Amino acid sequence: MRTLIPVDDNDVLAAIRGFLKSLLETGAVDLLLVPVETQTGAVNPMLVADPDQLDAADPLAPVMGINAARAVSRVTIREPQDRDTRPRIGVVLRPCELRALIELVKLKQASLDDLVTIGLDCAGTYDVPDYAAKTQKRKTPKTKARLWRDLYDKLAADPAASNAALRDACQMCEKPHVEGADITLELFGADLSAGIPVTLPDEMAEKLGLRPAKKKGPRAGFVKKLVAQRKRVRDARFGEMRQRLEEEGIEGVFAACVRCHNCMTVCPICYCKTCLFQSALYDREPMQYANWARSKGASRLLADTMLFHLTRLNHMALSCVGCGMCTSGCPADLPVGLVFRAIGQQVQEAFDYSPGHDTEEPLPLVTFQEDEWMEVGTG
Amino acid sequence: MTDDFEPKIVAFLCNWCTYTGADLAGTSRIQYPPNVRIIRLMCSGAVDSTYVLKPLLDGVDGVLIGGCHPGDCHYQSGNYKARRRVVALKEILKSAGFDEERVWLRWISASEGGRFAETVTEMTEALKKKGPNPMRREWAV
C-alpha cells in the first residue's frame, strides 16, 4: 500500500521518527536498527529496543561511517533453534546498504527471514570528518537538520546538479533510489511539506492505522532524470580511470598504498572472518625478501601489495555495490572505490550480473552453464 | 627478444585428469619443453585467483590451469566453476593493465598425454614470442 505520513511544520525528521516509533510501539517490529546521533554528535547504526531512544534517531543525517549491511549481518545470522523466540528487526538502510545486504544474503552472511527492510531515498553523504566539521558549526538540532534538507532541496531543484563536497561514491551513485525494500520512504520527487509517501505491506499499514494515498507522485520521473545524470558522471569517471589503468597499471594507480587493509575491513562484501592477507599465508622467511630484492634489483616492502588488491578484486568485484566505503576509509586518499567499480562493472557485464538486485539471482561464481565460454579451455 | 629466453610456466593440474595426463606423457616418454613447474591440486575448481596472481606478480611468464573436460569432473562441476573464475580473472587482469593471455585454461584428460605435451610446447612457444613477463623486473608490486 502507498500511504502518506503527515509532516508537521515541514519537520521531515520528526515525521520519520514518529513513523519509526509507531513501528516499535505497535509491535510491527521488535527492534529497530537505525542511525542514531550520540551525545558527541556522531551518527552510527544502533539497535533500538526502547521507542524513547528514537528521539535521537537520525536516518537522514548525510553521513555514512559504516555500511550498515555489516551491522545487519551481525544481528541476523542465528541458530535455527531460536526460531520461535527470535525478534523481528526493522533495519533502516540507504540504497547502497540494502544492495550490500542482498549480496550478503547470497553469500550466506545475513538472512532476510526476520527482517523488515526500511529503505530511504538517499540525497548523498559526506565523509565522517567533513560531516563532523559541518555539524560543529551547527549546534542545534534544527540547524543540523538543514544539512540534509539543503542537500535534498538542491537535488529536488536540479537533479543534474553535481556536488563536489559529497563522498566520491555518492557523486557517481546511479542507484540513490530505493528498490526492493519492504518499506520504502519515497523521498525523491515528493512534496514533503504535504507528507512523506511511503509504500509498505498492506497488513502492516492496517496495524499502523494508515490509509492509502490517492494519487501517484512524480518520483519515477525524478529518479529517471537523476539516474541519467549520475550515469553521465559515473561513465566519465570510469573512462578516466580506465585510461589511467591502461597507462600506469594498477601498480601505478595504487603506488601510494600503505597496505593497511582498511579497504577490506570496511568493505561490506569482504565478510571473511580471517582474510588470507591477515593470515600467515604470505609471510616469508627474511631471506626470501633478500632473494626477491636480488632477483628484481629491488623489492617493495610491505610485499604483495598488488597481490592484495588483485585478489580482493577477484573475490568481491562481482558483488561490489559501489558504496565507496573503501575510498572513505583509505588513509592514502586513493580512489579505491573508483578502481573497483570501473573494473567491477566490466566483470559484472561479462556475467550479466547486477549486484544487490535480487536474492534469487545466483552469484556468478557459484553457478554455471555447461555450454558457455567454450573457447576458454580449448584455446 | 633474445633467443635464449626460456619462459617459466607454473601449472596447476587437477589430480584426476591433467596431472594423470602429464604423468602419462612422462611414462610414454613423450618429449616436451622443461619450462613447466607442476603443482598438483585435487580439482581445477580448487584454483583460487590468488594462486594464479602470486606467481604472475612475482615474474613467472605464464600460468597454466589444467582440468577435466566439461562433463568429466570428478566432483561434478569443479571445472565449470574454474572456467567462470578464469573468465573473471582474465577480465580483471586485462582491466588492471596486465596481459591476460599469460593465463591459460586447458581441458586435458588422463588419457591425453600427447595433448599435455602439445599444450606445454604450444604455451612455451607463445610465451617466447611474448617475451619475459614485465613483472620480472617490476619491484613496486
Side-chain angles (χ1 to χ4, degrees), chain A residues 241-242 244-255 276-277 281-282 292-293 295-301 303-315 317-318 339-340 342-351 363-374 376-379, chain B residues 44-45 47-59 64-71 73 76-101 103-108 115 118-119 122-123 126 134-141:
Chain A
M241 180 47 72
R242 282 177 191 147
R244 268 193 77 187
L245 285 165
E246 213 176 293
E247 287 162 10
E248 304 168 35
I250 199 169
E251 68 275 25
V253 177
F254 283 159
L276 75 126
F277 287 93
L281 182 69
Y282 291 119
W292 279 334
S295 75
K296 288 192 174 189
S299 183
R300 178 183 179 145
L301 285 174
D304 297 322
T305 303
M306 290 315 123
L307 181 65
F308 164 67
H309 289 296
L310 285 166
T311 301
R312 209 169 80 81
L313 269 166
N314 274 279
H315 287 178
L318 272 162
V339 170
F340 274 60
I343 296 178
Q345 190 201 35
Q346 285 175 322
V347 194
Q348 288 164 11
E349 272 175 13
F351 287 92
L363 292 165
L365 294 188
V366 302
T367 185
F368 63 88
Q369 309 265 316
E370 289 180 8
D371 54 349
E372 58 183 7
W373 290 292
M374 300 300 271
V376 182
T378 50
Chain B
S44 57
V47 180
D48 190 272
S49 50
T50 203
Y51 299 171
V52 181
L53 291 163
K54 174 68 177 162
L56 278 183
L57 290 170
D58 283 349
L64 170 67
I65 301 164
C68 307
H69 284 273
C73 178
Q76 316 304 334
S77 61
N79 50 359
Y80 292 123
K81 288 173 182 165
R83 181 164 65 189
R84 283 201 160 214
R85 258 182 240 160
V86 168
V87 168
L89 172 68
K90 279 172 168 273
E91 195 68 47
I92 288 166
L93 280 176
K94 192 166 61 182
S95 313
F98 293 91
D99 182 0
E100 84 280 7
E101 289 173 8
V103 180
W104 287 33
L105 174 71
R106 290 293 180 273
W107 312 131
I108 299 167
R115 189 180 165 87
E118 281 161 25
T119 302
E122 199 188 320
M123 191 169 182
M135 289 296 124
R136 194 178 275 212
R137 305 296 308 167
E138 177 61 71
W139 56 268
V141 292

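These numbers come from the heavy atoms of this one structure, side chains and all, not from hydrogens, waters or symmetry mates. Keep in mind that this is a model prediction, so the values were computed, not measured. Quick note on labels: first sequence line is chain A, next is B, and so on, each numbered from 1.
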Inset, instruction - Considering only heavy atoms and a distance below 4.5 Å, find which of B/Arg136, B/His69, B/Lys90, B/Glu122 pairs most often with chain A. - result: B/Arg136

Legend entry - Nearest-0.5 Å distance that lies between atom CH2 in B/Trp104 and atom OG1 in A/Thr378: 11.0 Å

Legend entry - Residues in ring-ring contact (aromatic ring centres under 6.0 Å, His included) contact with A/Trp373, at least two apart in sequence or another chain: A/Phe351

Legend entry - Part of B/Arg137 within contact of chain A (heavy atom distance under 4.5 Å): both

Legend entry - Contact class of A/Ala298 relative to chain B, heavy atoms under 4.5 angstrom: both

Inset, instruction - Look up atom OG in B/Ser49 and atom CG in B/Leu93, then write down how far apart they are to the nearest 0.5 Å. - result: 9.5 Å

Inset, instruction - Find the distance between CZ (B/Arg83) and CD1 (B/Ile65) and round it off to the nearest 0.5 Å. - result: 13.0 Å

Legend entry - Contact class of A/Phe340 relative to chain B, heavy atoms under 4.5 angstrom: neither

Inset, instruction - State the CG-CG distance between B/Leu64 and B/Leu105, to the nearest 0.5 angstrom. - result: 8.0 Å

Inset, instruction - Output the option from A/Val339, A/Leu365, A/Val253, A/Leu281 having the highest count of non-hydrogen pairs under 4.5 Å with chain B. - result: A/Leu365

Legend entry - Among the listed options B/Glu91, B/Lys81, B/Arg85, B/Arg84, the residue most often paired with chain A at heavy-atom distances under 4.5 Å: B/Arg84

Inset, instruction - For each of A/Met374, A/Arg244, A/Glu372, tally heavy-atom pairs with chain B at distances under 4.5 Å, and name the one with the top tally. - result: A/Glu372

Legend entry - Which atom of B/Ala82 lies closest to which atom of B/Ser44, heavy atoms considered: CB-O, 3.4 Å

Legend entry - Contacting moiety of A/Thr367, where chain B heavy atoms sit under 4.5 Å: both

Inset, instruction - Return yes when atom CZ of A/Phe368 has more than 12 non-hydrogen atoms of other residues, nucleotides or ligands closer than 6.0 Å, and no otherwise. - result: yes

Legend entry - Reported CD-to-CE distance for the pair B/Glu118 and B/Met123, which is rounded to 0.5 angstrom: 15.5 Å

Legend entry - Side chain, backbone, both or neither of A/Val366 within contact of chain B (heavy atoms, under 4.5 Å): backbone

Inset, instruction - Please flag which part of A/Leu276 lies under 4.5 Å from any non-hydrogen atom of chain B: side chain, backbone, both or neither. - result: side chain

Legend entry - Part of B/Asp58 lying under 4.5 Å from any heavy atom of chain A: both

Inset, instruction - Against chain B, label A/Gln346 side chain, backbone, both or neither, depending on which of its atoms sit under 4.5 Å from a heavy atom there. - result: both

Legend entry - Portion of B/Val141 that has a non-hydrogen atom of chain A nearer than 4.5 angstrom: both

Inset, instruction - Answer with side chain, backbone, both or neither: which region of A/Glu248 has an atom nearer than 4.5 Å to a non-hydrogen atom of chain B? - result: neither

Legend entry - Options A/Thr305, A/Leu245, A/Ile343, ranked by heavy-atom pairs under 4.5 Å with chain B, top entry: A/Ile343

Inset, instruction - Go through the atoms of B/Glu138 and report whether side chain, backbone, both or neither lie under 4.5 Å from a heavy atom of chain A. - result: both

Legend entry - B/Trp107 portion near chain A, given a 4.5 angstrom heavy-atom threshold: both

Inset, instruction - Say whether, by atom type as modelled, one donor and one acceptor occur between the side chain of B/Asn79 and the main chain of B/Cys68 under 3.5 angstrom. - result: yes

Inset, instruction - Measure from the side-chain N and O atoms of B/Tyr80 to the backbone N and O of B/Gly71, and report whether any donor-acceptor pair falls under 3.5 Å. - result: yes

Legend entry - Leading residue by heavy atom contact count with chain B [cutoff under 4.5 Å; candidates A/Glu251, A/Gln369, A/Glu370]: A/Glu370

Legend entry - Pairwise distance OG(B/Ser95) to CD(B/Glu100) - rounded to 0.5 angstrom: 9.0 Å

Legend entry - Pairs of heavy atoms under 4.5 Å with chain B: top-ranked of A/Glu247, A/Lys296, A/His315, A/Arg242: A/Lys296

Legend entry - Option that, when pairs with chain A are counted at under 4.5 Å, heavy atom only, ranks first among B/Val87, B/Leu89, B/Val52: B/Val87

Tabulate below the donor-acceptor pairs under 3.5 Å that side-chain atoms of residues 306-314 of chain A make, not counting sequence neighbours, or state none.
unit_1, atom_1, unit_2, atom_2, d
A/Thr311, OG1, A/Leu307, O, 2.7
A/Thr311, OG1, B/Thr50, OG1, 3.0
A/Asn314, ND2, A/Leu310, O, 2.9

